[in-house]
2 protein chains.
Amino acid sequence: MLELRLVQGSILKKVLEAIKDLVNDANFDCSATGFSLQAMDSSHVALVALLLRSEGFEHYRCDRNLSMGMSLTNMAKMLKCAGNDDIVTIKADDGSDTITFMFESPTQDKIADFEMKLMDIDSEHLGIPEAEYEAIVRMPSSEFARICKDLGTIGDTVVISVTKEGVKFSTRGDIGTANIVCRQNTSIDKPEEATIIEMQEPVTLTFALRYMNSFAKATPLATQVTISLSSELPVVVEYKIAEMGYVRYYLAPKIEEDEEIEARVETTKPKAETKSKAEAKPKVETMESKPKVKKTMSELESKPQVDTEIEAESKPLVEIKPQEEETKPQTATNGEAEVMDVE
Amino acid sequence: MLELRLVQGSILKKVLEAIKDLVNDANFDCSATGFSLQAMDSSHVALVALLLRSEGFEHYRCDRNLSMGMSLTNMAKMLKCAGNDDIVTIKADDGSDTITFMFESPTQDKIADFEMKLMDIDSEHLGIPEAEYEAIVRMPSSEFARICKDLGTIGDTVVISVTKEGVKFSTRGDIGTANIVCRQNTSIDKPEEATIIEMQEPVTLTFALRYMNSFAKATPLATQVTISLSSELPVVVEYKIAEMGYVRYYLAPKIEEDEEIEARVETTKPKAETKSKAEAKPKVETMESKPKVKKTMSELESKPQVDTEIEAESKPLVEIKPQEEETKPQTATNGEAEVMDVE
DNA sequence: ATCGATACCC
DNA sequence: GGGTATCGAT
């Protein structure tokens, strides 16, 4: 028996808007600790981790650990039917293959319940390491979203450089180039507008704007976003959910090549294990971009699904593997099992 | 070396929104006088003239006259990346084939620079005559925009009639007819809402609503619009830009035929010199409109490009020529050189 | 079908 | 000025 009552139902609505573009189907894990999810995006390039701690719910009953496979698309559809001020209750009976979402209007004059079929999703629980980051940038989430959106109109990738002066976002595209520098500012009176940089080491990394813009869908969840960067590690983009937990996105950096190296790569065929695949949806653009060897965070070491372990604070390994661009699902090019069978 | 600093950067954003629909590529001319542009719309029917006087800039440095060809589409894209409160600086080095737009947030915490390639646009500088107009209507720009939009849902052309009582906008379409009369009102307390008519002679002229609605994109630039009308002259629709200059649109009137004449024209093939051409982008609309003989302001006497002459106050001739609907570029039907080579 | 742009409302 | 909703484009 599962019964989770969330007074601020809009949080769940926003959470689904924040992840449904990236992940179509996923298992929600429910334990005494909280309600959580962890999934690779459908192209196996990025990873989403959600945690809603039990303390954040008005009422939280979870008799035994459950892993419930859901279509996030359909779940989002149902949650859209909840008013922003509605109280949302999630219910599931033991052994049931459905889940129920209940929406109560603030006045209690309207009570709705939506039942959704669960699905069997074969995923393994991924371990995500705690890591030390060379630079952590904290900035207004809306500003980060605006920058990613703007740069996305110019180019496909963003180079993020952190120095102690500030953080620079750069891109380059057919129509020109763009650089946006945000200086550190400890806005004391308006902490929501602060930009704070904790930096051990200057870092410069490159990422696909396409994913950054997907991550930015979480903007309504938090006024601030935290971007944690280290060379050779996936970036972590985190939106804290007040009193409850977070949505975190992980994305492996692309290997940045300067022009010369790029030229060399052209003649050197990408090796098999780099899994260079054609981009699934080549944008209609000058296809001048040479094939590049990219790094991917494709396979995370899968942790045996001991249980429906909630805490993401466990510390297994993350292997950085060569990155592929968005791939057609399951055209596995090596013998390793894919992390998820569901795309 | 060019460096223009505009504190109210939103003006430039609005200017581009106001002209980019009409003109795809154009030369910006920069001289000690100011920053200006003059271009025919892509179908060579309407003309846009922009002037931003140097006095309106916080800092204005223009060592020598420059004519810089830009893709207005791309320039608009970049300016969209500026915040509405940003300070915008335009920079170009001598001999450089790029231009840089710098955006500074009001707090100076965010500084962006966007570099755009210039293009070589073969345009001649058009002379625009100062003319006496039989009637000048000054009215709220939003009201004018609303009228054009509304009439555009009913018909394709608007008949503007000015009498001393007021100005009447009329149209006729498949579903019926519409007449909107605006009476003169010298709103003293709210001058922005005034409608003022200066009239020597009653005037009635007909214009394509399609263009009027493009002109109305400039509405955010000014609370009032000025419409200057004379029989046989292109209408001038002017939006003043506070402290800086203006955006002016010129459009030749159509020859208005009543039903009987129209019927006759149907049987009478339009003469060669009327240059009736197929509409380049036939909107998905009931193509019942019979071919009509229209007047065009297609060829303005081109003034030799003495220099990057800024002032539009020079007074060459405008020849009123039979109007064509939007044409495929450069299917010239007579020996005269087209005014612009770039479409 | 999805995304982006635009128009309207708060 | 921001958010939402609708419409058009890809």
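Just so it is clear, the structure is predicted and the values come from calculations on it, not from any experiment. Naming convention: chains lettered A, B, ... in sequence-line order (proteins, then strands); numbering from 1 in each chain.
Comparing dC8(C), dG1(D), dT6(C) by their closest approach to the side chain of Asp85(B) singles out dG1(D).
If you look at Phe114(A) and Phe103(A), their ring centroids are closer than 6.0 Å.
Here Lys80(A) does not reach the OP1 or OP2 of dA5(D): none of its side-chain N or O atoms lies under 4.0 Å away.
Atom pair Asp86(B):CG and dG1(D):P shows a separation of 12 Å (rounding to whole Å applied). Between the CD atom of Glu143(A) and the C1' atom of dG2(D) there is a distance of 17 Å, given to the nearest Å. Residue Asn74(A) contributes atom CG, which lies 15 Å from atom C1' of dA1(C) at whole-angstrom precision. Rounded to a whole Å, the CG atom of Asn84(B) is 15 Å from the C1' atom of dG3(D). For the pair Glu17(A) CD and dA5(D) P, the interatomic distance rounds to 12 Å; values are reported in whole Å. Between the NZ atom of Lys20(A) and the C1' atom of dA1(C) there is a distance of 13 Å, rounded to whole Å. Rounded to whole Å, atom P of dT6(C) lies 8 Å from atom CG of Asp21(B). A straight line from CG of Asp150(A) to P of dA5(C) spans 11 Å, rounded to a whole angstrom.
Residue-level contact check: Lys149(A) touches neither bases nor backbone, having no heavy atom under 4.0 Å from any strand.
Under the 3.5 Å distance criterion, the side-chain polar atoms of Thr98(A) are left unmatched by any main-chain donor or acceptor of Lys117(A).
Evaluation of the salt bridge (charged side-chain N to carboxylate O under 4.0 Å, His left out) rule for Lys13(B) yields no partner, not counting sequence neighbours. By the side-chain hydrogen bond (donor to acceptor under 3.5 Å, both in side chains) test, Ser105(A) is found to be paired with Thr107(A), residues two or more places apart in sequence or in another chain being considered.
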